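Sequence positions, counted from 1, serve as the residue numbers for this chain. Remember, predicted model here, so these are calculated numbers, not experimental data. Order of listing sets the numbers, starting from 1, for every ligand and every atom in it.
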Amino acid sequence: MTNALQNRRILLVISGGIAAYKSLDLIRRLREAGAEVRCVLTQGGAQFVTPLSVAALSEDKVYSDLWSLTDEAQMGHIRLSREADLVLVAPASANMIGKMAQGLADDLASTILLATDKPVMIAPAMNVMMWTHAAVQANIKTLQQRGVKILGPASGLMACGEEGEGRMLEVADILAAVAAHFSVAGSLGGKRALVTSGPTFEPLDPVRFIGNRSSGKQGHAIAKALYAQGAETILVTGPTALPDPAGIKTIRVQTAQEMLAACEASLPVDVAVCAAAVADWRPSEMSDEKLKKGAAKAVLELAKNADILATLAKAGNRRPRLVVGFAAETNDMLKNASEKLVRKNCDWLVANDVGSGKVFNQDDNEVTLLRRDGKGQTQSDAWPRQSKDQVARALVEEIVSFFKTA
Ligand code: PMT
C-alpha cells in the first residue's frame, strides 16, 4: 500500500458530519503512506473539526473560501482541482452529495468538484434514514453513472444513536480503497513507460528555430495517466510551458536529435507512447551568429531528422512490448494514419485531425485509436471529443488491458 500512495496528491474535501473527526486520522494515515494531502474544509465541516487541526495534520494551508482574493489569485479553485491526482470527499454529507449530483457550485468544495477533471471518490456519512432516502439514493446513482467511486457507507451504530447503514467507512478501509485506486495490482505497477511530448525546436541561429505549435498538453496528460496507474514513467519533452509532472522523471530537450538520444537512453521500457510533434527536418547547419537579412531571397538547406517512433519500434530486443504512435493529420486522416501505423512498425496509433485550431494547444481532443491485430488488419475505434486528460486516461485503460491479456 505504501508504494501505491507515495507522492500521490490527494485533495481531501471534508464536509459537514460528525465523521469529520475521522478525517483527521485519515490525513495522518495518508501522509504516513507517502501521499501529499491538501484539504478543503466546508462550512459544515468546520463545525466539527477546526481549520487549525486540519492545517496542523496536513502541514498545509486549509482552503475553505471560494471568494478569497489571495487564494483565487495564487491558487484558485481550478488549480486546486487540477493539481491533485484524486479528489476524495470524506465525509460526504447528504448535502454535498446532492450538490455534486445537481452540479451546484455555491462554495469552494462544490466548485472544485464541478471543475475537476480528476477521479473522484466519496465516503458518504449520514443517518440511516437520510442514506436510504430516495433522493439520496438517486443522487448516488447519478454520481456512480458519472464515474464517481462510492466508498461505503458501513453499517452499525451511529452517533445519533440509531443503527443501520450510513456510517462513514473506517479510515483503514478508505485508505485501502484509495491505495487500490493507485494500486500496483491489476494496473501498470512494475512496468516502465516512456512518453514523448511537446514540440522540438531546430535551431537556425542563436535566436531562430524551426518549431511547431505543440503545447505538450496531450503528451504530458498521457505521462500523468501512466504514472497514476503505477508505471515508472519517463517523460521526454521538447520545450513547453508546462511544469514537470510530480513523480515523473522528466527529461527536457530542445531538438529531435536530443529527444532521440534521451529516448534511447531510457530503454528498456515496456511501453512507449510517442505524442511529441517532432520536426522531420532540421537546418543542415546552425549559424553561431544571428543570420543577417541582407539578401532579398534565402534558401534554407535542411537535413532529415531520424524518426524516433520508428527507431523505438525497430529496436530489436530492446523494442518496447507496446509501441504507440500518434498521427497528426489535416486530410485523409484514417488512410494516412493507417499507412503510418504500418510504415513506422508501431502496434497502435492515435490519429487526430489537427486542422486549424482543433488540437494544438487545445484542452480537448478527438482521436481514433488504430490497432494492428497481428493478421494484417487494422481495427479502428473513434472516441468522442473529450478533454486531453480523458483521452489520456482512456488510452492508458487500453494499455492496462493490453498488459493484462498479454
Ligand atoms: O501538444 P499538444 O498541443 O497537446 O498537441 C497534441 C499533438 C497534436 C502534438 C498530438 O496529439 C499529436 O498528434 N502528436 C504527434 C504529432 C506528429 O508529429 O505527428 P506525425 O504524424 O508527424 O508523426 C507521427 C508519429 O511519429 C508521432 O508519434 C511522432 O511523435 C513520431 N515522429 C515523427 C517524426 C520524427 N522525426 N520522429 C517521431 O518520433
Side-chain angles (χ1 to χ4, degrees), residues 117 194-202 210-225 235-242 245 252-264 266-267 269 271-283 302-315 319-320 322-370 383 385-392 394-395:
D117 56 353
L194 170 67
V195 180
T196 69
S197 181
T200 62
F201 285 0
E202 311 295 332
I210 297 175
N212 61 67
R213 299 177 196 280
S214 170
S215 62
K217 288 179 185 174
Q218 187 62 85
H220 279 53
I222 292 165
K224 286 194 264 182
L235 173 65
V236 180
T237 176
T240 78
L242 301 176
R252 286 182 173 265
V253 298
Q254 293 280 323
T255 65
Q257 285 175 307
E258 289 167 6
M259 188 172 272
L260 174 66
C263 286
E264 287 187 310
S266 302
L267 295 179
V269 295
V271 52
V273 182
C274 293
V278 185
D280 291 314
W281 300 89
R282 66 179 184 277
L302 299 173
K304 204 160 174 56
N305 276 328
D307 191 304
I308 300 166
L309 173 63
T311 306
L312 293 174
K314 286 178 191 135
R319 184 191 196 275
L322 182 65
V323 178
V324 185
F326 266 70
E329 305 295 341
T330 53
N331 57 292
D332 297 328
M333 184 181 84
L334 287 181
K335 180 174 167 287
N336 291 338
S338 303
E339 283 167 13
K340 247 175 219 176
L341 175 72
V342 176
R343 190 170 70 244
K344 301 201 181 204
N345 192 34
C346 37
D347 304 298
W348 300 355
L349 198 107
V350 182
N352 44 197
D353 176 352
V354 295
S356 68
K358 284 188 190 157
V359 183
F360 282 112
N361 200 25
Q362 300 298 310
D363 290 331
D364 48 18
N365 197 359
E366 186 176 340
V367 306
T368 298
L369 177 61
L370 303 178
W383 295 350
R385 192 159 194 93
Q386 52 192 329
S387 75
K388 284 181 176 169
D389 284 336
Q390 285 169 323
V391 169
L395 180 64

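- Using a 4.0 Å cutoff on heavy atoms, Ala327 counts as a contact of ligand 1.
- Under the side-chain contact (heavy atoms from CB on, under 4.5 Å) rule, Ile222 has a single partner from Thr196, Leu395, Val350, which is Leu395.
- Environment of CZ in Arg213: sparse, with no more than 12 heavy atoms of neighbouring residues, nucleotides or ligands closer than 6.0 Å.
- Counting heavy atoms under 4.0 Å from ligand 1, residue Ala275 touches it through the backbone alone.
- Ligand-side atoms of ligand 1 in range of Gly325: 28 (O), range being under 4.0 angstrom from any heavy atom.
- Set against the non-hydrogen atoms of Leu309, the atoms of ligand 1 under 4.0 Å away are 25 (C), 26 (O), 28 (O), 31 (C), 38 (C), 39 (O).
- Contact annotation: for Asn352 versus ligand 1, heavy atoms closer than 4.0 Å belong to the side chain alone.
- If you number the atoms of ligand 1 from 1 as listed, the ones under 4.0 Å from a heavy atom of Lys388 come out as 2 (P), 3 (O), 4 (O), 5 (O).
- For atom 17 (C) of ligand 1, the candidate residues are Ala306, Ala276, Ala272; the nearest heavy-atom contact is made by Ala276.
- Contact atoms of ligand 1 toward Cys274: 27 (C), 28 (O), 30 (O) (distance under 4.0 Å to a heavy atom of the residue).
- Each of the atoms 3 (O) of ligand 1 lies under 4.0 Å from some heavy atom of Asn361.
- In Lys344, the part holding a heavy atom less than 4.0 Å from any atom of ligand 1 is the side chain.
- Heavy-atom proximity to Lys340, at under 4.0 Å, picks out these atoms of ligand 1: 20 (P), 21 (O), 24 (C).
- Not close to ligand 1: Gly219, with no non-hydrogen atom less than 4.0 angstrom away.
- Per-residue contacts place Lys217 under 4.0 angstrom from the following atoms of ligand 1 (heavy atoms of the residue considered): 1 (O), 2 (P), 4 (O).
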